[in-house]
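Atoms considered below: every heavy atom in the structure, side chains included; atoms not considered: hydrogens, waters and symmetry mates.
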Amino acid sequence: MIGSGIFISPKSVLLYSGAIGPCLLVWAACGVLSTLGALCYAELGTMITKSGAEYVYLMEAFGSVVAYLYSWTTLIVLKPSSFAIITLSFAEYASTPFYPGCAPPVVVTKCLSAAAIFSIVIVNCFSVKLASYVQNIFTAAKLLIIIIIVVAGIVLLAQGKTENFSNAFESTSVSVGAIGLAFYNGLWAYDGWNQLNFITEELKNPSRNLPLAIIIGIPLVSVCYVLVNMAYFTVMTTTELLLSPAVAVTFGDRVLYPLSWIVPVFVVFSTFGSANGSCFTAGRLAYVSGREGHMVKILSYISLKRFTPLPALLFNGILSIIYIIPADINTLINYFSFAQWLFYGMTALSLIVLRFTRKELHRPVKVPIVIAVLMVLVSLYLVLAPIIDKPQLEYLYCSIFIFSGLFFYYPFVHRKVTWGRRLMSKFTHNTSVLREEPPWPVCHSGEVKRVDYKS
């Protein structure tokens with residue numbers, strides 16, 4: 001969960017919330033909302049023990065069409081754009097120290113971002129164990145920098161640096177839509193609370209470990225995020241924070257000098273680790289979609305040598321590199337959040353539907369249904385409020401794109417037209433020819449070798 005969001009979102013959350021007090025309340029509320037959503041996913045993940053997260057839950061509750069539209073939107077836009085956003089943040093913090101007093105050139109950040117995507121995809125293609133080692137190492141690094149910032153903030157507060165909090169709710173006048181956008185950016189920092197549901201088939205004892213990870217992890221992240229923002233406000237006014245090109249770096253320059261260099265270094269570690277986690281789960285969603293026949297079959301192939309969904313990982317990496325070319329981070333976050341919360345709400349609704357349609361399913365974890373209802377209502381607000389308050393074409397484009405998936409679903413998935421099957425068969429054959437050539441590991445359909453993949 002901890003990645004680029006806590007280092008880039010504070011400016012946007014403050015901008016839309018209007019003052020320090022509402023800003024901190026938004027961060028805390030985002031933590032509560034993420035926890036409630038994750039509890040819903042804990043019930044779904046322990047009830048339906050398949051990888052794929054929202055995809056398999058929507059399939060079970062609403063059928064093939066809704067699940068396809070989710071996989072279409074997520075694999076083509078949401079997962080690659082999320083990967084691109086995180087690596088762009090990585091590149092920005094990695095290059096900032098080399099350009100003191102000014103922003104790094106765009107071409108530099110985008111080249112670094114592309115290099116990060118390439119490196120992470122290679123690691124994930126090579127070995128699941130290596131990818132998990134990378135995740136563990138960078139998780140330790142990101143927690144270390146969070147602790148450093150929080151401890152520094154507590155020391156400053158103890159020394160009486162509280163003047164910025166004296167009028168925390170002064171000049172607070174924000175619209176309903178602005179609050180929704182503040183939540184978009186805050187919840188972007190919390191994104192990742194559902195990542196374990198993408199790899200349920202690979203978890204040891206998911207009925208125990210999935211809810212345990214949620215109960216421990218999300219409240220811990222929520223406390224860290226609120227304390228980090230309080231630390232920022234001990235040394236920066238609202239104006240200074242909004243004008244800062246890199247909030248964490250500015251904090252380090254003012255508080256940790258001459259050791260301020262450790263902040264951008266550890267932020268780079270944090271964003272790299274978050275990008276690795278995003279890549280890991282995106283590959284599993286593409287694999288499951290290919291296995292179910294909703295994407296080209298080559299995406300359901302796995303490496304018999306490496307036991308990784310190699311084609312799916314490469315597919316996500318290529319799209320992510322394409323997304324960094326025109327990318328503006330704030331636009332991508334708003335675009336990402338609008339579509340993502342639409343599907344989060346539908347997934348919470350699927351929990352309610354399954355309570356009545358699949359009563360016979362065993363539920364090791366069962367949450368109060370009021371939590372699912374609350375998630376549906378909040379998701380509805382987050383989707384509609386910004387559109388009603390300030391309509392923008394990007395929301396229309398997003399909606400058109402989601403439903404444009406039907407043009408592919410009807411002939412290729414529902415009707416399974418002969419010419420389409422021939423075309424896909426040739427495509428799968430021609431691309432899988434690569435498996436015979438070194439250094440590519442041998443691949444086979446995940447549908448046949450699912451046991452090997454799980455091992």
Side-chain angles (χ1 to χ4, degrees), residues 3 51-53 55 71 74-76 78-87 90-91 111-139 192 195-196 198-203 269 271-291 295-324 427-455:
S51 296
Y55 175 76
S71 65
T74 303
L75 292 176
I76 305 299
L78 300 186
K79 283 294 184 182
S81 67
S82 175
F83 197 10
I85 292 168
I86 298 170
T87 54
F90 159 85
C111 287
L112 275 175
S113 177
I117 291 172
F118 180 79
S119 302
I120 290 167
V121 169
I122 291 299
V123 166
N124 279 269
C125 288
F126 185 77
S127 167
V128 172
K129 187 169 289 188
L130 177 60
S132 68
Y133 285 154
V134 168
Q135 193 66 29
N136 290 340
I137 292 168
F138 285 100
T139 296
Q195 295 287 56
L196 279 180
F198 284 98
I199 57 169
T200 306
E201 293 175 22
E202 297 172 74
L203 289 180
F269 291 162
T271 50
F272 191 88
S274 182
N276 180 71
S278 176
C279 176
F280 189 92
T281 56
R284 273 59 185 176
L285 176 60
Y287 160 80
V288 173
S289 299
R291 188 176 71 187
M295 289 291 161
V296 291
K297 191 172 183 178
I298 189 68
L299 295 181
S300 70
Y301 279 30
I302 61 169
S303 165
L304 295 183
K305 183 178 180 182
R306 305 292 182 189
F307 302 113
T308 58
L310 187 143
L313 291 165
L314 292 175
F315 174 76
N316 183 61
I318 292 168
L319 284 181
S320 299
I321 290 176
I322 293 172
Y323 273 107
I324 68 174
F427 176 79
T428 301
H429 172 75
N430 291 333
T431 50
S432 63
V433 166
L434 291 172
R435 71 188 186 183
E436 304 294 335
E437 301 291 334
W440 297 100
V442 179
C443 292
H444 205 288
S445 170
E447 193 169 328
V448 176
K449 305 298 288 186
R450 190 182 303 179
V451 174
D452 287 342
Y453 170 66
K454 288 175 66 177
S455 70

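- Considering only heavy atoms from C-beta on, Leu314 comes within 4.5 Å of Cys125 through its side chain.
- Aromatic ring orientation, Phe90 versus Phe272: tilted (interplanar angle from 30° to 60°).
- Between Ile321 and Ile324, the shortest heavy-atom distance links the atoms O-CG1, 3.0 Å.
- For Gly273 against Gln135, the heavy-atom pair with the smallest separation is O-OE1, 3.0 Å.
- Between the side chain of Asn316 and the backbone N or O of Cys279, no donor-acceptor pair lies under 3.5 Å.
- Looking only at distances, no side-chain donor or acceptor of Thr74 sits under 3.5 Å from a matching main-chain atom of Ser71.
- Phe83 is listed as a side-chain neighbour of Val121, based on a closest heavy-atom distance under 4.5 Å.
- Across every non-hydrogen atom of Asn276 and Ala131, the tightest pair is ND2-O, 3.2 Å.
- Side chain of Ser132 to backbone of Lys129: a donor-acceptor contact under 3.5 angstrom is found.
- Two residues are said to be in side-chain contact when any heavy atoms from C-beta on lie closer than 4.5 Å; Val128 and Phe280 meet this criterion.
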Practice prompt. Begin from the C-alpha positions of Ser320 and Thr87 and carry the test side chain to side chain contact (heavy atoms under 4.5 Å, CB included) through to its verdict.
Written response: CA-CA 9 Å; Ser320 299; Thr87 54; over 6 Å; no
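- Using a distance-only test at 3.5 Å, with no hydrogens or angles considered, no donor-acceptor pair links the side chain of Ser82 to the main chain of Leu78.
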